[in-house]
Amino acid sequence: MKNLLIRLGLLVFFMAGAAPLYAQNDTELDRLQKNIAELEEQLHELILFTNRITIEKYLEQASRNKSIIPVFNLAGFDWDALFDTVPHLGELHREFDFADNNLRKILEDYPEYLEIKKLAKIEIAEYRKQQGQFFLKLQEQDANYRVARIARDEALSTQNIEIVRYLLEYYQNRGESMPTSGMISEREKLLILQEPIMQRIAYIATGTQIAINELKEKYKELTGVDYNP
């Protein structure tokens, strides 16, 4: 939390000191446009900061709990290309494949599992029900399954966390917010946004947006048209 507060303090400090530069011959309209542009840039930085902190906090919790982030729910990505072009992600994916194959070999030694798999093409709800019951039985009775399941889930958890870390930096370096729809639930997002540091960021962002709106109203009064850079 201390590091987050320092980062927020630095962001606010630079925003406060980033007054637009005026030329001697600037008109009132010129100064107004520069002020709007500067505030919009500051608001964009606050939005990016909110996106970063939201995802970083989500990752902290996932790392702590070794949970499996549903990163593959994010739309529009060529995951094979990502694993092929980013070496450390490719290595993590190979480690996951190895653990996943080990688990699959154990499961396929059970004729009951092979029969349950056939239901996936017939009745998905019944398939999931029987699969869940079968996994619970193995969890109690098969030590090899328990070890292989833990190894597979931990490999998947690590892989997915690192994918999100990589994508976060990719988007932030482009000046864009990383998409979270389908990955972070609305409930999880709400819990993060209720934290004190997020409330502070939201307060500053709201004030910045109000100032922008007021300046745009003034621009309209001077020109008779809406502000459109």
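Side-chain contact between L168 and Q172 is present, with heavy atoms from C-beta onward closer than 4.5 Å. Under the 4.5 Å side-chain criterion, counting only non-hydrogen atoms from C-beta, M183 is not in contact with N73. E162 has its side chain out of reach of Y166: every pair of non-hydrogen atoms, C-beta onward, lies at least 4.5 Å apart. Considering only heavy atoms from C-beta on, F134 comes within 4.5 Å of L107 through its side chain. With a 4.5 Å cut-off on side-chain heavy atoms, R149 and L103 count as touching. A heavy-atom distance below 4.5 Å is found between the side chains of I163 and F83. With contacts defined as side-chain heavy-atom distances shorter than 4.5 Å, the pair L167/F77 qualifies. You'll find the side chain of T223 reaches within 4.5 Å of the side chain of V225, heavy atoms only.
Checking side-chain atoms of N102 against main-chain N and O of A99 turns up no donor-acceptor pair under 3.5 Å. Under a 3.5 Å cut-off, the side chain of S157 and the backbone N or O of S67 do form a donor-acceptor pair. Without hydrogens or angle criteria, N160 side chain to I68 main chain gives no donor-acceptor distance under 3.5 Å. Remark: the backbone N or O of D84 is not paired with any side-chain donor or acceptor of H93 at under 3.5 angstrom. In this structure, the side chain of N101 engages the main chain of D97 through a donor-acceptor pair within 3.5 Å.
For the 3.5 Å distance criterion, the side chains of T206 and Q209 fail to qualify, holding no donor opposite an acceptor. Between the side chains of Y171 and N51, no donor-acceptor pair of N or O atoms lies under 3.5 Å.
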### Message
The test is side chain to side chain contact (heavy atoms under 4.5 Å, CB included); show your working for L43 and I47 and say whether it passes.
### Response
CA-CA 6 Å; L43 183 61; I47 291 170; 4.2 Å; yes

### Query
Checking side chain to side chain contact (heavy atoms under 4.5 Å, CB included) for the pair R94/E91: CA distance, chi angles, key distance, verdict?
CA-CA 5 Å; R94 286 188 289 275; E91 179 60 29; 3.1 Å; yes

### Task
Test E126 against Q130 for side chain to side chain contact (heavy atoms under 4.5 Å, CB included), laying out the working first.
CA-CA 6 Å; E126 184 62 23; Q130 291 195 28; 2.8 Å; yes

### Task
Check the pair V164, M178 against side chain to side chain contact (heavy atoms under 4.5 Å, CB included), reporting the backbone distance first and the verdict last.
CA-CA 9 Å; V164 175; M178 178 183 164; 3.9 Å; yes

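Ion pair K137/E112 flagged as a salt bridge, since at least one NZ, NE, NH1 or NH2 atom sits closer than 4.0 Å to an Asp/Glu carboxylate oxygen. We find that R165 and E169 are not joined by a salt bridge, their nearest charged nitrogen and carboxylate oxygen being 4.0 Å or further apart.
Nearest approach of L74 to S181, heavy atoms of both residues: CD2-O, 3.5 Å. Contact record, P70 with Y58: CD-OH, 3.6 Å, taken as the closest heavy-atom pair. The shortest heavy-atom contact between Y145 and D142 is N-OD1, 3.1 Å. The heavy-atom pair separating T54 from T50 by the smallest distance is OG1-O, 2.7 Å. Here the closest non-hydrogen pair linking I197 and K57 is CG2-CE, 4.0 Å.
Counting non-hydrogen atoms of neighbouring residues, nucleotides and ligands closer than 6.0 angstrom, the CD atom of Q61 reaches no more than 12 such neighbours. When the shell of 6.0 Å around CZ of R128 is examined, it contains 12 or fewer heavy atoms from other residues, nucleotides or ligands. Heavy-atom neighbours of E217 CD from other residues, nucleotides or ligands within 6.0 Å: at or below the threshold of 12. In the displayed structure, F135 atom CZ is contacted under 6.0 Å by more than 12 heavy atoms of other residues, nucleotides or ligands. When the shell of 6.0 Å around CZ of F98 is examined, it contains 12 or fewer heavy atoms from other residues, nucleotides or ligands.
The same ILVMFWY cluster, assembled from side-chain heavy atoms under 4.5 Å apart, contains both L82 and I161. Residues Y170 and F49 share a hydrophobic cluster, clusters being chains of Ile/Leu/Val/Met/Phe/Trp/Tyr side chains in contact below 4.5 Å. Hydrophobic clustering, with ILVMFWY side chains joined whenever heavy atoms are under 4.5 angstrom apart, keeps L156 apart from L138. L48 is not connected to I53 by any chain of hydrophobic side-chain contacts under 4.5 Å among Ile, Leu, Val, Met, Phe, Trp and Tyr, and they are in different clusters.
Shown are E188, R187, K189, E195; of these, the side chain to side chain contact (heavy atoms under 4.5 Å, CB included) with L191 is made only by R187. Under the side chain to side chain contact (heavy atoms under 4.5 Å, CB included) test applied with Y227, the options L215, L32, I36 reduce to a single match, I36.
The aromatic rings of W79 and F72 lie perpendicular to each other, with more than 60° between the two planes, well past the 30° mark.
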